[in-house]
Q: 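Pasting a structure here, questions to come.
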Amino acid sequence: MRPYYDRYGAAHYPDVENDTMRPRMGAWIALREGSHILMVIADNAHDVPELPGGGVEAGESLWQGALREFQEEANITLMPNNCEIIAEYKQTVYFYADDVDEYWNYDQTYFLIQQTGARLYHESVDSVPEGRRLWLSAEELDFSAMHYFHAMAIKAFTK
């Protein structure tokens, strides 16, 4: 049986008699300003910085889903006309969602963007509805502490 990995990178093996492997599609935004990337830390995983994003809903494009999820998680509305997509990264992963005890066959798309016009970067940590948001510089990115699959995307963007 194939391992499914949680946000920490730990392997989990589903019991095929009891667990379903749900297909999912998700999209995330890595918003870059200078050498900083905006990250969120959710209340349900208070020790794991991750990129804002998540599941794409029926009828949404990947970009639309990424923008909606970004707004929900980072509490920032990005205007598509003010966003420059610098790079896109896709991966298919086998994810164990420990907060809902589900196994997902997850097609993930990550957009590395920068905002044109108004700058959003500031040094403080802000509260958002379900956690906190913070800017991490390239030097502060600790890939061992970050969401396992999001770290893969950021590493691909920084090659």
Side-chain angles (χ1 to χ4, degrees), residues 4-9 22-97 99-100 104-159:
Y4 284 68
Y5 296 91
D6 64 21
R7 69 184 79 233
Y8 303 97
R22 223 172 84 169
R24 287 205 48 162
M25 201 171 4
W28 289 262
I29 291 178
L31 175 61
R32 183 179 79 187
E33 283 200 17
S35 66
H36 290 80
I37 293 179
L38 183 69
M39 305 292 286
V40 293
I41 299 176
D43 288 337
N44 69 341
H46 59 84
D47 56 344
V48 181
E50 53 189 51
L51 295 168
V56 174
E57 295 179 356
E60 285 183 320
S61 69
L62 292 169
W63 179 238
Q64 290 168 331
L67 287 170
R68 177 188 50 76
E69 284 283 345
F70 186 92
Q71 196 283 323
E72 289 174 6
E73 293 190 4
N75 202 28
I76 296 172
T77 301
L78 294 173
M79 303 308 296
N81 294 344
N82 294 339
C83 295
E84 177 187 353
I85 299 174
I86 300 165
E88 189 174 320
Y89 175 73
K90 293 180 180 280
Q91 63 186 5
T92 298
V93 301
Y94 302 97
F95 181 63
Y96 172 63
D99 55 329
V100 292
W104 301 344
N105 298 342
Y106 215 173
D107 289 327
Q108 299 182 332
T109 301
Y110 295 83
F111 297 97
L112 175 63
I113 71 165
Q114 63 187 16
Q115 177 125 347
T116 57
R119 302 316 244 163
L120 298 171
Y121 171 76
H122 56 83
E123 292 191 20
S124 63
V125 175
D126 296 318
S127 292
V128 291
E130 297 180 14
R132 299 172 288 148
R133 69 175 178 223
L134 67 155
W135 292 88
L136 295 177
S137 69
E139 297 81 34
E140 295 171 311
L141 292 175
D142 179 358
F143 293 113
S144 66
M146 190 179 300
H147 189 295
Y148 182 68
F149 293 116
H150 297 197
M152 289 179 179
I154 292 174
K155 285 178 185 175
F157 288 143
T158 57
K159 283 184 181 177

Q: Within the structure provided, determine whether Asn105 and Thr92 are in side-chain contact (heavy-atom separation under 4.5 Å).
A: no
Q: Can you see which heavy atom on Pro80 is nearest to which on Leu67, and at what distance?
A: CG-CD1, 3.6 Å
Q: The criterion is side-chain hydrogen bond (donor to acceptor under 3.5 Å, both in side chains); which residues satisfy it with Gln91, sequence neighbours excluded?
A: Tyr89, Gln108
Q: Any pair with a residue in residues 80-97 that passes salt bridge (charged side-chain N to carboxylate O under 4.0 Å, His left out), sequence neighbours left out, goes on the list, sorted by first then second residue, please.
A: Glu88-Lys90
Q: Could you list all the ring pair (Phe, Tyr, Trp, His ring centres under 6.0 Å) pairs where at least one residue sits in residues 27-79, not counting sequence neighbours?
A: Trp28-Tyr106, Trp28-Tyr110, Trp28-His150, His36-Tyr121, Trp63-Phe111
Q: Would a 4.5 Å heavy-atom cut-off, applied to side chains only, mark Ile113 and Arg32 as touching?
A: no
Q: So, for Cys83 and Thr116, which heavy atoms are closest and what is the spacing to 0.1 Å?
A: N-OG1, 4.4 Å
Q: Quick one: side-chain hydrogen bond (donor to acceptor under 3.5 Å, both in side chains) partners of Asn82, sequence neighbours excluded?
A: none
Q: List in chain and number order the residues that pass side chain to side chain contact (heavy atoms under 4.5 Å, CB included) with Asn81, two or more places apart in sequence or in another chain; answer none if no residue qualifies.
A: none
Q: For Lys155, which residues count as a salt bridge (charged side-chain N to carboxylate O under 4.0 Å, His left out) partner, sequence neighbours excluded?
A: none
Q: Just to verify, what does Ser137 make a side-chain hydrogen bond (donor to acceptor under 3.5 Å, both in side chains) with, not counting sequence neighbours?
A: Glu139, Glu140
Q: To the nearest 0.5 Å, what is the distance between OG1 on Thr77 and CZ on Arg68?
A: 12.5 Å
Q: Identify the two heavy atoms, one from Ala74 and one from Leu38, that lie closest to each other, and give their separation to 0.1 Å.
A: CB-CD2, 4.0 Å
Q: First locate atom CG of Leu141, then atom CD1 of Ile154, and finally report the distance between them rounded to the nearest 0.5 Å.
A: 5.5 Å
Q: Can you name the salt bridge (charged side-chain N to carboxylate O under 4.0 Å, His left out) partners of Glu130, sequence neighbours left out?
A: none
Q: Could you check whether any side-chain heavy atom of Asp47 comes within less than 4.5 Å of a side-chain heavy atom of Tyr8, counting everything from C-beta outward?
A: yes
Q: For a quick test of reading the model, state the closest non-hydrogen atom pair linking Leu136 to Pro49 and the distance between them.
A: CD1-CB, 4.4 Å
Q: Which residues pass the side chain to side chain contact (heavy atoms under 4.5 Å, CB included) test with Leu120, not counting sequence neighbours?
A: Leu31, Glu33, Ile76, Leu78, Gln115, Trp135
Q: Mind checking side chain to side chain contact (heavy atoms under 4.5 Å, CB included) for Ala97 and listing every partner two or more places apart, or none if nothing turns up?
A: Phe95, Asp99, Val100, Trp104
Q: Return the CE to CG distance between Met146 and Leu51, rounded to the nearest 0.5 Å.
A: 7.0 Å
Q: Holding to salt bridge (charged side-chain N to carboxylate O under 4.0 Å, His left out), I want the full list of residues that pass it with Glu50, two or more places apart in sequence or in another chain.
A: Arg7
Q: I need the Met25 CE to Asp107 CG distance, nearest 0.5 Å.
A: 7.0 Å
Q: Taking only residues two or more places apart in sequence, or in another chain, which ones meet Asp126 in a side chain to side chain contact (heavy atoms under 4.5 Å, CB included)?
A: His122, Ser124, Arg133
Q: What's the separation between atom CZ in Arg132 and atom CE in Met39, rounded to the nearest 0.5 Å?
A: 12.0 Å
